[in-house]
Structure formats: structure tokens, C-alpha cells
J.: 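Structure provided below as C-alpha cells; questions to follow.
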Amino acid sequence: MNKKLHKSLYSKKDRRPNYPAVNKVIQSNIDITDSINLDDVSPKKSSSVKNKYTLSLISGFLLLGIIIYLSINSNSQIDTNRDNISNPTEVSDTIIKSTTTVPMPSTTTSTTTLSTTTTTIVLKEILNLEDAQYQLYELGFYTGEINGVLDTNTKTAIKEFQKLSGLVVDGILGPITKAALEKGEESLIAIGGADINTIGQITYSKDIENAQILLKDLDIYIGDIDGINGVATKTAIKEFQKLSGLVVDGILGPITKAAIEKGEESYITENNQAISVESSNNSALDLRYYNPNENCITGYVDSSQVWVPDPCFYPVFVYRYGQTAQVNSQAELDAYLNQNWSLTQEKKYNSLGEVPTQNYISGINSPVNGLPMPSGSNNSIVIGIKNDNNVRARPQSGPQKADAVFEVLVEGGMTRFINIFYQSDTSYHGPIRSARPTDPTVLRPLGGVLVASGATGGLIPEINDMGVPVITDRRPEYFRISSRKAPHNLYADTSKLKSIAVSKGYKKVNVPQPLFPWGDPTFENWQNNSFLNLVFSGYTETTWTWNGSSYLRTYYDAYQNQNKNNIHNWLDENGNTGQISVDTVIALFCEPYVHPLQLPSVKTVGEGRAIILHDGKMLDAKWKRGSNLDPFHITDNNNNILYVPKGKVWISLVPNTKNPSFG
């Protein structure tokens, strides 16, 4: 989104939750212009040097007393102006600068020079979350209860403060955010404060009042019905937009307004398909705001945080990730397009449901790889643990023990692994790295939990919203090893991770559905094959070679060397090592895209080419998936289901812009 529009969308917050008004504008600089004649306050002249020294000292003390007196009066006047509230429609957002200019004496009585003194900023110490809530309340960001609980309202308030202070927006009360909060408004002023538009006055809006009533009926809004778009109202609008699959900006635009009027009907359905407020055909465009005979304006967000459309702009629909939105001005359209929305509607898919299986018994066979599970397996819950895959992270510990492994593209043209554990465990898994947008899409059909080491700010809440809980950086489940340097030294025990996931209530299903159509194919339509080369980027390639009993992994990493056949080894806690090998390789060719957080990803909902290797043979087929709840359906060109051989499996999510080679 361009900077100008961003400033309009995210205006600086109202100063206090009860919306006080100030009836007088406070001047940013108080200039004391009364000159002081030192002859009027000095004693009689003396030719003695001692008398002259005494005269200078007395004059200095007198002048200092005058300065202190004037400074106290000035500050008292400022406090009076702040507290003297009479008109609730007038608000001053003028920044008060505590700078006082006074005449100061020089070494002679015939010359007067000016200097500037600045009042020290008094910091408010933030020791805990309650202190932070109170400070956020004073700053007008928070309207909830001061209870020391990091709930949704508190996180939202922290994020809004971080945004206006130029900090990383993650909703976490870390040391940097604490330090900024201690400075209060000075943090907003000091870091780009001049670039933040302030609301000139607080105004009543009938649209806001109606929205507040409807949002309160939905148990989303907890504030007063006052028609004022304060922090609580913006928070409620954002929560509704999130539940409805709309752009989460806290602005009561035409789309959000229409969705609120429909209530719960606008919420996203269980199969993650958003219910569009408007139909996707042009005949359903809302033309109430279109009138080319009126004066054309530039669309903007008014003082009540409601979009004002351009009457000369013919509305259009934009599309992204199955969502549809109508825009009513060029500025609004630019904002959507800058956030990866498109004027071209995406192909929509319907949920396909569970996959059929063959010679598979639920609860006996593993949903992750189809194999019979050993008696007494710790199959309480599915967890997927992130594994780094750069030159400093290899050899990894974990892939050799996992029930299945997903390999996904990340930034820099590199890849990372998601090691899936259900019936298996290891006490030594690592190095663990951060989450990425593709991770939850492969864990959701298994009711799985993602285990990672943090993520880009804003991503973990998005993953949670998809129905995938996240465990990150816990002790004692996580631990650091001494043989590697951070960040490639973070490891974990999967059995402990499963226990903490279950204790936190993350278990969604007793027995997960099968991830693929596991079965016992006849291999009639499979062709003999000895290797498969997969290209993820110009920097990363992998090759799987059949050795007569399993597929062995080699790789090309441009960050390491130019060798196309580097052997990819694993390493356990006892120093034992070996080449990574699996029974089955599944390559799913997916559409690449850049996530709004500027993270390279691939789409796992839709359809594409699938290549499956097993027992020295290869099947060239298709994969299909209608939603993130669906498992992966493997079909032929006529959409007939094809069964996937059971066995320890490696699934590569390859950009469909890259062609494989095999033979």
C-alpha cells in the first residue's frame, strides 16, 4: 500500500478512551519576550572588583528565580487548558513542546543573549502487563479491563501502538515495546510523528452507531453505543472482518457495512470458503455511490474512519485467496492491488472431502504414511516440526525418524522441511526454525500442531486463525546444543511436544483422516524409473535415486558449492550418520505466490501435476484439493482416484514454474 494511503488508513489514535475535548489550542512554543533591565534589580555601583562579582551573583540568582516562576506559571496554564473541557466536539491534537525561551545575561550588562532550555521527559515505568494496559489506556489505544491478561483487545492495542511508533508489529510486550511505552506519546512523536495524520475532531456517525448495535448483537463489540469510531469500535470491526474473510483494516467501508448488516451469514464457513458479501458478476455491483454527474473527488477515509468514495469512479471487484471485495475509488483500488489482490477472479474449488483408501483400517494404519502402526505407539496427536535446510543446518536430526516429511520453498530460493510425527518420536530433533505460510495448509487436514521457532510478525495469528495451533520456543521441550551456533542449535523432544500439545487442548480429532489415498496399486500404469530431479529455484535442486530398496537423497545448493550430487545426511544425538532415504517420493507441483508478508509460498489448494516414485517405478498423475481441510486426492486425467503405496514418504511442494527431469 502506498505511504499516503497507509497514513490515511491508519490515523493516529484518539488521546483518551472517553474522548475529552480541549477548548483551547496550546501553542507549541511559549516565548517570554519581557526584557529585564539589570540596572533595576542591581545594587549601587562600586569600583571594587568584589562588588562587581557580588552584583553578578545576585543578578544571576534573581534571574533564575524569575525563570522558575514563569516556567511554573506556563505549565500551570497548560494544565488548566488541558483540564478545562467544555465542548465535546472540539479536540486539539497539537503537540505540546515543553521549550521555553528566556533572556539570559552575558558577561557584561550592555548585551543580552538568548538561549533555550528543555524540560526533562518523565518516564512511566512499565514493569508488567497491567502497567502496559494502563499506559495504553492513557494513550487511547486500550479500552478494556486493567487485568494483566494478554487478550485480543490488549494485543490489538499493543500492535496499534507499535505501528504508530515504528516498531515491529507483533503484539508482543518485549523490552523495546516496553521502553517505547514508558516514553508515552514521545515515542509516537520521535519516530516519524510528523508523518502521522491526526484526527482534527471526534465526530458522531450514524453508520458507526448502527454498526456498533449490530456488532454488539454479535457479541463482538463491548463498548458504548455512541456513534464514535474509537479504539473499541475499530477492534470490533477488525474482528468481524477477520471472521468474514474481508480485508482486516478496521474501516467501515461499503463491503464491511453490507457484511455487518447480514450478521453471521457473512462469516467464513467450515471449509474455509469465504461467503462473499457481493456476487462476483458485474450486475451485482453496488452502484449507490456512483454518480458521474457529481463533482469528482479522491477517495479518502473520513474522521469517523469510514471510506468516502469517489462518485466518478465506477466500482470494480477485486479478488484474492477466494475472497471478493468491491472498491469505490482509485486510491482504494491501488491499496488492494498493492496487497496482492487482483482484478481477475481466481478459480474456485469445492471441498472434496476425505480420500478413499484401500486395505486401510482407521486407527490401525497411519494417516500420515499408510503403514500399520506399532502397538503402543505414541499417536496422541500429529505434530509438524520445522527443520532448517541451509548449509549451516545440515546434517539435520529428525527427517530419518519422521513418519513423513514435507519440503517447502522459502526466501532466498532455499527450502525448509516440515517433519511430521504421529506414531513415531525422537528425543533429538533440530535445528528448528521459523514458520512459513505454507506450513499450516498441510497440517490442517490432520488436525496437526505446528512446532516452530517464531515467525515473521503477524504470521502466527494467521496460522492460528486457520485452525492450526502453534508451539514455539518452549522450555524444557526445546533445548540448545553446544556443538552449533545460534540460530542453528535449537532442538526439541517430540514426545514432550506431543504431551504439551495435548495438555493445551490442541487435539482436534481422535483419529486423523488419511492424508493421501493410501492403498496397494497394481503398478500397471507405472513406468520404470531410476531417478527424479526436482528444481525449487536457481539455488536449490534435489535428486532422488533408486538404489534397489529405497530412494536416496542428494542435493544442489548454490550457497555451498556447484556440485549437483551432494549427499544429504542425517545425524543423531550419538553422532551416528547416514544418507536420507525414503520408501516413497511424492512431488506436488503447486502455483507459487508471494504472501502479503512478502514471503515466497505455494498454493496447496487447487490442482496440479503429481509425480509419485515407489519401488523403482514412477506414476505421472494429478493432485486435487478443494480446501485446507481436504487431504490430497491423487487422480488420473479422467479424475479417477489413484492409490498411493504405503511407506515412509517425502512430499516435495515444487513450484509449477520449474520442470522436473527423470529417467
Side-chain angles (χ1 to χ4, degrees), residues 5-23 85-93 140-144 153 156-157 160 164 196-244 246-263 266 277 286-291 294-295 297-311 313 315 325-329 331-332 335:
L5 183 60
H6 178 81
K7 292 190 293 182
S8 299
L9 288 174
Y10 300 103
S11 302
K12 194 172 183 180
K13 301 297 176 193
D14 309 326
R15 290 287 172 243
R16 297 178 187 269
N18 57 352
Y19 310 107
V22 179
N23 67 346
I85 300 169
S86 60
N87 188 347
T89 62
E90 296 180 1
V91 175
S92 172
D93 286 315
F141 291 96
Y142 180 64
T143 59
N153 287 340
T156 300
E160 291 298 312
L164 293 182
I196 300 173
N197 291 339
T198 56
I199 300 173
Q201 60 180 8
I202 297 173
T203 58
Y204 165 82
S205 168
K206 183 64 177 175
D207 286 340
I208 292 294
E209 181 179 7
N210 292 337
Q212 288 172 335
I213 294 171
L214 295 171
L215 291 169
K216 181 157 270 190
D217 290 340
L218 293 170
D219 294 325
I220 295 177
Y221 178 61
I222 59 174
D224 297 329
I225 307 297
D226 54 12
I228 296 174
N229 198 11
V231 175
T233 304
K234 293 186 181 75
T235 300
I237 291 174
K238 287 181 178 180
E239 181 64 22
F240 176 83
Q241 289 170 328
K242 181 168 64 177
L243 292 171
S244 303
L246 303 175
V247 177
V248 181
D249 57 11
I251 298 172
L252 188 65
I255 298 298
T256 300
K257 181 180 175 184
I260 290 175
E261 290 172 355
K262 290 188 176 183
S266 298
V277 177
D286 184 353
L287 300 177
R288 285 177 295 173
Y289 305 100
Y290 176 66
N291 187 351
E294 292 187 11
N295 293 329
I297 64 171
T298 300
Y300 64 95
V301 180
D302 66 13
S303 59
S304 297
Q305 296 291 283
V306 177
W307 265 102
V308 176
D310 176 6
F313 183 87
Q326 177 180 312
V327 297
N328 299 284
S329 72
E332 192 177 2

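All of these numbers come straight from a predicted model, not from anything done at the bench. The chain is numbered in sequence order, starting from 1. Values reported hereafter were calculated over all heavy atoms of this structure, with side chains retained and with hydrogens, waters and symmetry mates removed.
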J.: If every non-hydrogen atom of Ile297 is compared with every non-hydrogen atom of Pro311, which pair is closest and at what distance?
T.: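 Closest approach of Ile297 to Pro311: CG1-CD, 3.8 Å.
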
J.: If only atom types and distance count, is the side chain of Glu239 paired as donor or acceptor with the main-chain N or O of Tyr221 below 3.5 Å?
T.: no

J.: If you measure from CD1 on Ile220 to CD on Gln241, what distance do you get to the nearest 0.5 Å?
T.: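 Between Ile220 CD1 and Gln241 CD, I get 10.5 Å after rounding to 0.5 Å.
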
J.: Write down the atom of Ser266, the atom of Ala259, and the distance for their closest heavy-atom approach.
T.: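 That would be OG-O, 2.9 Å.
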
J.: Any side-chain heavy atom of Ile237 sitting closer than 4.5 Å to one from Leu215?
T.: yes

J.: Taking only residues two or more places apart in sequence or in another chain, which ones pass side chain to side chain donor-acceptor pair (under 3.5 Å) with Glu261?
T.: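 For Glu261, no residue satisfies side chain to side chain donor-acceptor pair (under 3.5 Å) once neighbours in sequence are set aside.
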
J.: Decide yes or no for Leu243 and Leu218: does some side-chain heavy atom of the first lie under 4.5 Å from some side-chain heavy atom of the second?
T.: no

J.: Looking only at heavy atoms, which two atoms of Glu332 and Gln326 are closest? And how far apart?
T.: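 Scanning both residues, the minimum pair turns out to be OE2-O, 4.0 Å.
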
J.: From Asp310 CG over to Asn295 CG, what is the distance, rounded to the nearest 0.5 angstrom?
T.: 10.5 Å

J.: Looking only at heavy atoms, which two atoms of Pro315 and Leu287 are closest? And how far apart?
T.: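 Taking every non-hydrogen atom into account, CD-CD2, 3.8 Å.
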
J.: Between Lys257 and Asp207, what is the shortest heavy-atom contact and its length?
T.: NZ-OD1, 3.2 Å

J.: Under a 3.5 Å distance rule, please check whether Gln212 uses its side chain to pair with a backbone N or O of Ile228 as donor and acceptor.
T.: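 Here the side-chain-to-backbone pair exists.
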
J.: Between CD of Glu209 and OG1 of Thr233, what distance do you get to the nearest 0.5 Å?
T.: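 Those atoms lie 11.0 Å apart.
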
J.: Are Asn229 and Ser205 side-chain neighbours, meaning at least one heavy-atom pair lies under 4.5 Å?
T.: no

J.: So which atom in Phe313 and which in Ser329 form the shortest heavy-atom distance, rounded to 0.1 Å?
T.: CD2-N, 3.3 Å

J.: After noting the C-alpha distance and the side-chain angles of Ile260 and Leu252, does the key distance pass the side-chain contact (heavy atoms from CB on, under 4.5 Å) rule?
T.: CA-CA 9 Å; Ile260 290 175; Leu252 188 65; 3.8 Å; yes

J.: Between Lys206 and Gly227 (side chain of the first, backbone of the second, donor and acceptor by atom type, cut-off under 3.5 Å), is there such a pair?
T.: no

